[in-house]
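A note on names: the letters A, B, ... follow the listed sequences, proteins ahead of strands, and every chain is numbered from 1.
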There are 2 protein chains.
Amino acid sequence: MNRKQFSNIAKALSDPRRLEIFKVIAKSREISCGAIADKFPIGQPTVSHHLKLLSDCGLVSVRKDGQHSFYSADPDVFKGYINELWKVIPGSASGHIESA
Amino acid sequence: MNRKQFSNIAKALSDPRRLEIFKVIAKSREISCGAIADKFPIGQPTVSHHLKLLSDCGLVSVRKDGQHSFYSADPDVFKGYINELWKVIPGSASGHIESA
DNA sequence: TTGATATATTGACATACGTAGATATAATTG
DNA sequence: CAATTATATCTACGTATGTCAATATATCAA
């Protein structure tokens with residue numbers, strides 16, 4: 001993971017609303033843009049904008065099926081972000097995977 | 001850790017320069033504002049600003065000694081952030097501490 | 001094909017952010 | 001006390017961000 005992706009992921013998770021959206025996606029196996037928009041008091045274009053940021057940084061994947069776009073969380077990218085975090089603090093010997 | 005602190009930490013780590021500053025602090029046991037400013041091509045007021053954000057969110061602690069302010073990383077807060085991250089992805093059973 | 005539905009894009013606006021310059025505050029040194 | 005040094009604060013500026021309204025694009029249904 002390069003610096004750009006790391007900062008983009010950190011930035012993506014730093015907005016409370018976007019974090020909640022990501023949590024909803026992570027809890028669902030797959031979920032559409034409209035289904036997400038129904039859960040929050042913000043417009044569909046705003047949700048679409050957040051989804052673009054989440055997919056641009058790799059946290060979520062998109063599968064298009066007809067007129068729907070189904071979003072799902074990519075746990076490997078998310079765990080990769082956590083793994084990068086462990087590298088920030090030296091001598092932190094618990095909980096992380098050195099190789100991944 | 002509440003939502004505000006979580007998003008503030010994520011935001012603090014999302015700026016590349018600020019992340020580098022935090023890494024420098026984490027690698028040092030203690031380091032002053034000026035010593036940090038010497039390591040980057042940005043002004044002392046800007047460094048002081050970044051340090052304020054890092055200390056406001058709890059990632060670093062400050063110890064004043066005379067005219068110096070010595071900054072040090074708080075690994076517990078940092079690990080607390082990582083622990084909150086594990087709660088975002090359901091069913092991630094490795095690497096995190098459930099109780100902390 | 002026409003109308004309805006799902007999603008993405010564009011433009012605009014208010015706010016926040018990163019940075020620099022100047023200055024203030026505080027402490028050390030002569 | 002005066003001068004120097006270390007840090008913090010204030011103001012300003014260009015840029016980015018979150019949101020909405022309007023619209024475009026694409027797909028389904030009748």
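Residue B:R63 contributes atom CZ, which lies 14 Å from atom P of D:dA8 at whole-angstrom precision. B:L54 has its CG atom 13 Å from the P atom of C:dC17, to the nearest Å. Distance NZ (B:K52) to C1' (C:dT19): 17 Å, rounded to an integer number of Å. In this structure, A:I42 atom CD1 and D:dT17 atom P are separated by 17 Å, rounded to whole Å. Between A:R17 atom CZ and D:dT17 atom C1' there is a gap of 15 Å when expressed in whole angstrom units. Between A:H49 atom NE2 and C:dA8 atom P there is a gap of 13 Å when expressed in whole angstrom units.
With sequence neighbours excluded, the residues satisfying side chain to side chain contact (heavy atoms under 4.5 Å, CB included) with A:V62 are A:S55, A:S69, A:Y71.
Taking the six-membered ring where the residue is Trp, A:Y81 and B:Y81 present perpendicular rings, their angle passing 60° and hence far from 30°.
Under a 3.5 Å cut-off, the side chain of B:S28 and the backbone N or O of B:V24 do form a donor-acceptor pair. Remark: the backbone N or O of A:K11 is paired with a side-chain donor or acceptor of A:R18 at under 3.5 angstrom.
A:Y71 comes within 4.0 angstrom of the backbone, heavy atoms only, and of no base. At the heavy-atom level, B:I36 lies nowhere under 4.0 Å from the strands shown. Counting non-hydrogen atoms under 4.0 angstrom, A:S69 reaches the backbone sugars and phosphates but no base.
Clustering ILVMFWY residues whenever any of their side-chain heavy atoms sit less than 4.5 angstrom apart, transitively, puts A:V77 in the very cluster that holds A:W86.
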Polar atom pairs (N or O), protein with nucleotides 22-24 of chain D, under 3.5 Å:
none

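Residue A:K11 has a polar side-chain atom (N or O) positioned under 4.0 Å from OP1 or OP2 of D:dT17.
For the pair A:G43 and B:G34, nearest-nucleotide mapping onto DNA chain D gives the more 5' position to B:G34. Comparing B:D15 and A:S32 by the nucleotide of DNA chain C that holds the closest heavy atom to each, the one mapping nearer the 5' end is A:S32.
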Walk along nucleotides 25-30 of chain C from 5' to 3' and tag each nucleotide B, S or - by protein heavy-atom contact under 4.0 Å, base first, then sugar-phosphate.
--BS--

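The minimum heavy-atom distance linking A:G80 with A:M1 is given by the pair C-CE, 3.7 Å.
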